[in-house]
Amino acid sequence: MRRAYATLDGPDGPWQIHYRMVGEGPPIVLLHPSPLTGAFLAPQIETLAPHAHCIAWDTPGYGNSDPLPASWSASDLEPYVVALRLFMETVAVEAPFIYGSATGAQIGIEFAKAFPDRCSGLLLENVAHFSDEEMTSITDGYFPDLSPRTDGAHLATVWEMAQRSMQVFPWHHKDHTRGHSNVNAVEDKQEEQPEPDTAPIDSNIVHRVALAFLKAGENYDRAYRCAFANERLERLVAVQKPVHIVVWDDGLLGAYTERIASADLPQNFTVHRAGSGMQARMEKLRKAANDLLD
């Protein structure tokens, strides 16, 4: 796998995007969740690289990529969409397919609508729909201040966020079931839900996630917040390109994702249901990608 930097022109001068690239065939640009990096898409890259030319960036402000230019707005995903267009032009990728998960999925959705001639289709995971009330409940306290403190208390907060975000959603609600807000339960899923997964998490993975938070710094929530605000069914269904969505049984977003999967989606949408576990998820991702690339 090759790693490189793309230097982009910006209103405040040149700035750089770090990316990984491997494989041959039709291009797929991979967009990761917040606050992670392209490195965390290694399983997806391994799955897709035998069939496509994979290019995985670090979202601006995350991993080894520079933040967005200071003069660009932080109120929505538009600057990330513009950055993605500039990145594609710089690395000479024309009309690729786009894989996106969570924040990456929302950037991909908005890119496909803003620049339909520069996107051949979307392959998405971890997409959801939240009501206004749920959005308020979930985001209240979801993004604590991670500014460095002399007593190191921010490090304990980061570790807790990293660990719990791999087990339950939202990570900071201590008395909710898997995939639900404790304030506003999902009205259309009244049946009993499984309890949060309390199985031990690999501390090495937690460590990597915690480092991703710390590397993103005090503005770790910038793309994160904008993506949350974009998690709406009506924003997704406006995409005119082919869209393939992979939904897995043990996804942390639970019924919030099921709202998308069970909706009356337009004909250009296809939902692929995977079972539980990484192997089942990657097998379904491979099938979805093959269907999209054909």
Side-chain angles (χ1 to χ4, degrees), residues 17 19 21 23-34 38 41 44-45 47-49 51-57 59-60 76-129 223 226-248 253 257-274 281 284-294:
I17 295 292
Y19 66 99
M21 185 166 55
E24 297 182 358
I28 296 182
V29 172
L30 293 94
L31 312 178
H32 60 82
S34 298
L41 296 181
Q44 290 86 339
I45 294 172
T47 297
L48 298 175
H51 313 281
H53 176 46
C54 297
I55 305 128
W57 80 343
T59 302
D76 57 29
L77 290 174
E78 182 181 4
Y80 296 97
V81 169
V82 173
L84 183 57
R85 179 180 61 81
L86 294 174
F87 170 72
M88 289 181 182
E89 291 176 352
T90 302
V91 298
V93 176
E94 297 184 5
F97 296 92
I98 295 176
Y99 165 89
S101 176
T103 295
Q106 297 306 314
I107 294 173
I109 289 165
E110 293 309 305
F111 184 90
K113 293 188 295 185
F115 303 106
D117 59 328
R118 298 175 183 265
C119 174
S120 293
L122 298 178
L123 179 57
L124 306 177
E125 293 185 292
N126 287 311
V127 290
H129 173 81
C226 295
F228 259 126
N230 212 66
E231 294 273 8
R232 299 288 187 148
L233 177 62
E234 59 268 25
R235 300 198 69 84
L236 172 63
V237 298
V239 176
Q240 299 296 311
K241 310 302 291 190
V243 179
H244 287 249
I245 302 172
V246 177
V247 178
W248 15 299
L253 291 176
T257 291
E258 183 58 31
R259 290 174 177 170
I260 301 291
S262 60
D264 184 16
L265 298 170
Q267 292 186 349
N268 58 308
F269 283 70
T270 303
V271 174
H272 303 262
R273 292 186 178 272
R281 177 184 166 195
K284 192 60 67 173
L285 181 67
R286 182 183 296 107
K287 181 185 183 303
N290 287 336
D291 290 350
L292 183 61
L293 295 175
D294 284 345

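Quick caveat: nothing in here was measured; it's all calculated off a predicted structure.
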Side-chain donor-acceptor pairs of residues 262-270 under 3.5 Å, sequence neighbours excluded:
residue, atom, partner, partner atom, Å
S262, OG, E258, O, 2.7
N268, ND2, V239, O, 3.0
N268, ND2, K241, O, 2.8

So, for K284 and A274, which heavy atoms are closest and what is the spacing to 0.1 Å? CB-CB, 3.7 Å
Quick one: list whatever passes side-chain hydrogen bond (donor to acceptor under 3.5 Å, both in side chains) with R235, sequence neighbours left out. E110, N230
Is there a donor-acceptor pair closer than 3.5 Å between any side-chain N or O of T257 and the backbone N or O of V127? yes
Could you tell me whether E234 atom CD has more than 12 heavy atoms of other residues or ligands within 6.0 Å of it? yes
Does H53 use its side chain to pair, donor to acceptor, with the backbone of P26 at less than 3.5 Å? no
Would you find a donor on one side and an acceptor on the other, under 3.5 Å apart, between the side chain of H129 and the backbone of L233? yes
Expected list for residues 116-123: side-chain donor-acceptor pairs under 3.5 angstrom, two or more places apart:
residue, atom, partner, partner atom, Å
R118, NH1, E89, OE2, 3.3
S120, OG, A95, O, 2.6

Work out which heavy atom in W57 is nearest to a heavy atom in T59; give both atom names and the distance. NE1-OG1, 3.5 Å
Taking all atoms of both residues into account, what is the closest heavy-atom pair of D76 and E78, and its distance? OD1-N, 3.0 Å
Exactly one of L84, V243, I109, L124 clears side chain to side chain contact (heavy atoms under 4.5 Å, CB included) with I98, and that residue is L84
Closest non-hydrogen atom pair between P60 and I17, with its separation: CG-CD1, 3.6 Å
Taking all non-hydrogen atoms of both residues into account, name the closest pair between A261 and R273 and its distance. CB-NH2, 3.5 Å
Polar side-chain atom of H244 near backbone of A289 as donor-acceptor pair, under 3.5 Å: no
